[in-house]
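Letters A, B, ... mirror the listed sequences (proteins, then strands); counts begin at 1.
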2 protein chains.
Amino acid sequence: MSSKRATLADVARLAGLSPTAASMILNGRPDTRLSQDAHDRVNAAAQALGYRPNVAARGLRTDKTLTIGFISDVVATTRFASGLIKGALEAAEAAGHVVLVLETGGDPAREAEAIAAVLDRQVDGIIFATMRARELFVPDIPAGTAVVMLNATNPKHSASVLPDEFAGGEAAVRLLLEGGHRDGIALLGQNDEVERDTFRSATVARRVAGIRKGMSDAGLAFVAEESIWLWEPDEGYKATRALFERRTDIRALLCMNDRLAFGAYQALTELGISVPDDVSIVSFDNDELAAYLRPGLTTIALPHEAMGRRAVELLLAGDASGETLVPMPTVKRASIASRAVNPARG
Amino acid sequence: MSSKRATLADVARLAGLSPTAASMILNGRPDTRLSQDAHDRVNAAAQALGYRPNVAARGLRTDKTLTIGFISDVVATTRFASGLIKGALEAAEAAGHVVLVLETGGDPAREAEAIAAVLDRQVDGIIFATMRARELFVPDIPAGTAVVMLNATNPKHSASVLPDEFAGGEAAVRLLLEGGHRDGIALLGQNDEVERDTFRSATVARRVAGIRKGMSDAGLAFVAEESIWLWEPDEGYKATRALFERRTDIRALLCMNDRLAFGAYQALTELGISVPDDVSIVSFDNDELAAYLRPGLTTIALPHEAMGRRAVELLLAGDASGETLVPMPTVKRASIASRAVNPARG
DNA sequence: AAGTCATGCTAAACCCATTTAGCACGCACC
DNA sequence: GGTGCGTGCTAAATGGGTTTAGCATGACTT
């Protein structure tokens with residue numbers, strides 16, 4: 001509309017006061033002794049001119065830009081974890097902040113460049129996010145800049161937000177138990193490498209640990225474990241076919257993720273085995289897929305949005321440190337049978 | 001590292017020159033008469049201090065912030081179109097820019113707020129993106145700020161980037177033709193509302209138009225059209241069941257999107273109909289799903305990344321106007337039979 | 001009448017860069 | 001010796017805000 005933006009000086013002029021007065025009034029400075037009349041005039045002038053402060057100019061003086069940097073390896077772009085961004089954007093908006101999103105593809109040179117770029121813009125804090133939780137290398141950052149790791153950990157920056165995978169693992173087992181399963185439970189996807197590896201994913205190991213804890217607490221054991229390296233539908237399909245051709249006593253499948261479960265569905269459908277009447281399936285992530293499957297896949301969700309939100313809350317609170325674990329919601333659909341059970345008494 | 005960032009004044013002091021000289025040298029001003037010695041000293045000082053200009057301060061003077069605003073209804077967060085962001089980030093990085101991502105959920109109030117927020121930060125330009133191409137309402141933006149519509153159109157801002165849906169529609173038909181299909185082709189999902197509607201999607205109507213053109217150019221007609229309002233797997237499943245229970249002559253399915261095709265796969269599997277031996281399927285979008293299906297779904301891809309890239313290129317070039325149509329790649333997988341054909345001669 | 005104090009406001013410095021205008025110097029030339 | 005000019009550099013204004021220090025004014029003391 002108007003060709004030029006109104007400045008504070010414009011407001012002051014219109015109100016017949018100094019920029020100093022206008023600034024104090026608009027910022028609601030507490031101990032000022034400006035008259036009610038001055039307040040009214042300045043507010044009216046600001047209103048009339050549609051005045052909005054120039055954030056860059058203000059940031060120059062105050063070192064606050066109401067802007068945060070979100071640097072990820074690949075998270076923003078990938079459909080898998082875009083919830084992290086969504087949550088971050090929401091929380092930022094709620095706090096009147098705005099977010100600068102950068103991607104590095106995991107390349108250290110681009111990472112350094114990205115950090116420099118956001119620092120050049122005086123961000124109030126930086127969130128580092130990774131798609132697969134892992135120990136993330138982070139170049140030096142000037143002390144005084146708040147940092148939160150999202151779905152990642154780092155020795156130099158202790159504040160990090162992670163999914164509560166251990167509890168999630170337990171929850172998955174519990175779901176099967178509640179469905180009446182005690183025998184014929186197989187684990188699909190777990191893999192010794194994964195169980196140790198902290199590079200690929202710091203948290204999946206906890207997932208497995210939670211699962212094992214859940215089973216042993218219930219006095220149960222898997223009747224089969226099908227190890228898979230790449231957790232994609234095709235591998236899930238093959239492993240499931242192999243498993244069911246080898247044995248006939250499988251009544252429940254605990255899959256390490258939804259894509260694997262998707263492959264399992266395909267295999268079972270071809271084999272004429274019905275979910276959940278013949279075998280129950282539970283899984284992890286709550287991928288887009290899970291809702292599309294027939295019957296709907298019951299899964300322990302990766303709480304991406306909540307994590308993203310939490311990360312900026314922590315960042316803006318300023319006193320973050322240590323791991324904050326975000327609960328993984330269980331989303332029940334129709335892939336687990338509910339058999340009549342005789343609950344053990346006493 | 002160092003507790004304070006080096007400023008231009010620091011560099012000048014260390015070089016024994018004025019900030020003016022330092023600024024000119026570091027910016028490579030052409031007509032300056034500063035000595036080689038001065039150049040060397042300033043460059044050395046900048047190097048030594050790890051000097052990086054403060055973008056906000058510079059922007060205050062030059063009105064260039066090397067920052068662009070990306071405002072979307074819901075595109076950043078949703079897995080469906082996160083490619084738009086990815087492409088935009090890539091192109092921005094290549095041009096030394098950085099992007100501020102905001103989401104509005106399509107709410108006009110939040111839209112206005114988002115625009116104000118990026119304007120407050122002096123962005124060099126704004127991209128408005130929508131998930132489903134449609135006519136987007138955009139509040140007033142001061143003249144002089146570059147604007148590009150991404151996957152959307154707007155009367156006030158003519159520059160827009162859209163997928164070339166018409167050509168895509170034709171391509172889908174061509175794929176079926178190349179597979180030897182002439183009879184028994186059904187259309188799944190098209191819907192009169194959609195075919196007219198410019199609010200829900202300006203481009204899907206073109207998709208349908210391209211399809212119809214492709215068919216009529218080949219002298220063909222659909223043997224059945226199954227209209228669907230909501231393009232989700234469940235609806236595709238139901239429509240496909242209904243279709244195949246009604247008739248037995250369907251040999252190819254042209255689906256309006258991959259999720260519908262997914263539902264079709266489920267129905268066909270249950271019906272014991274084989275893809276592609278009994279019926280071929282072709283579809284649109286190249287959703288994550290398409291690669292996971294068995295057999296892989298052949299589909300006309302929505303070129304999200306290319307579109308995102310194009311949008312920032314246009315924005316930064318500054319002289320954008322009119323529609324720029326981005327080609328939709330055909331991604332061939334295994335859902336179309338290749339039957340022997342007797343091509344019509346002459 | 002001089003001193004004290006509260007009240008209401010403003011001048012000017014500052015943040016960090018860019019940019020315009022122009023100074024000082026040396027040399028050549030008439 | 002004055003004028004003109006090229007060379008090499010800098011002072012100061014500028015952009016838009018925040019913040020510190022302090023100036024008037026009038027009322028109230030004593």
What is the distance, to the nearest angstrom, from the [atom1] atom on [X] to the [atom2] atom on [N]?
| X | N | atom1 | atom2 | answer |
| --- | --- | --- | --- | --- |
| R52(B) | dA17(C) | CZ | P | 12 Å |
| Q122(B) | dG15(D) | CD | C1' | 9 Å |
| L8(A) | dA12(C) | CG | P | 17 Å |
| I25(A) | dG17(D) | CD1 | C1' | 15 Å |
| R29(B) | dT10(D) | CZ | C1' | 14 Å |
| M24(A) | dG8(C) | CE | P | 14 Å |
| L119(B) | dG16(D) | CG | P | 14 Å |
| H39(B) | dG8(D) | NE2 | C1' | 12 Å |

Taking the minimum atom-to-atom distance to the side chain of [X], which one of [options] wins?
| X | options | value |
| --- | --- | --- |
| Y51(A) | dG17(D), dT20(D), dT19(C) | dG17(D) |
| L60(A) | dG8(C), dC15(C), dT20(C) | dC15(C) |
| L17(A) | dG16(D), dG17(D), dT10(C) | dT10(C) |
| N54(A) | dG16(D), dT10(D), dG8(C) | dG16(D) |

Minimal heavy-atom distance between F70(A) and L84(A), with the atoms involved, is CE1-O, 4.2 Å

Measure across V147(A) and F128(A) and return the closest heavy-atom pair with its distance rounded to 0.1 Å.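 Shortest heavy-atom separation between V147(A) and F128(A) comes out as CG1-CD1, 3.9 Å.
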
Which distance, rounded to the nearest 0.5 Å, do you find between the CE of M149(A) and the CG of L315(A)? 12.0 Å

Just to be sure I understand the rule, does R58(B) reach a base, reach only the sugar-phosphate, or reach nothing, if contact means heavy atoms closer than 4.0 Å?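 Sugar-phosphate contact only.
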
Touch check for A56(B), heavy atoms < 4.0 angstrom, all strands: base, sugar-phosphate only, or nothing?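 No contact.
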
The bend of the helix from dA1(C)-dT30(D) to dC30(C)-dG1(D), taken between the axes of its five terminal pairs at each end and rounded to 10°, is 80°

Test I68(B) against every option in L316(B), V118(B), V148(B) by the side-chain contact (heavy atoms from CB on, under 4.5 Å) rule and name the one that passes. L316(B)

Going by the side-chain contact (heavy atoms from CB on, under 4.5 Å) test, name the single residue among V161(B), I127(B), L89(B) that passes it with V312(B).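 Of the listed options, the one satisfying the test is I127(B).
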
Is there a salt bridge (charged side-chain N to carboxylate O under 4.0 Å, His left out) between R5(A) and D120(B)? Walk through the geometry before answering. CA-CA 10 Å; R5(A) 253 176 104 90; D120(B) 289 350; 2.8 Å; yes

Considering only heavy atoms, which members of residues 61-69 of chain B lie under 4.0 Å from some atom of DNA chain D? R61(B)

Respond yes when some side-chain nitrogen or oxygen of [X] is under 4.0 Å from OP1 or OP2 of [N], and no when none is.
| X | N | answer |
| --- | --- | --- |
| T7(A) | dG16(D) | no |
| S35(B) | dC9(D) | yes |
| S23(B) | dT18(C) | yes |
| T20(B) | dA11(D) | no |

Contact between L162(A) and V326(A) at the side-chain level, heavy atoms closer than 4.5 Å - yes or no? no

Main chain of L66(A), side chain of R121(B): is a donor-acceptor contact present, judged purely on distance under 3.5 Å? yes

Could you go through the salt bridge (charged side-chain N to carboxylate O under 4.0 Å, His left out) check for R110(B) and E93(A) one step at a time? CA-CA 10 Å; R110(B) 289 175 69 199; E93(A) 185 188 348; 2.8 Å; yes

Is it the case that atom NZ in K64(B) sees more than 12 heavy atoms from other parts of the structure closer than 6.0 Å?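 Open.
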
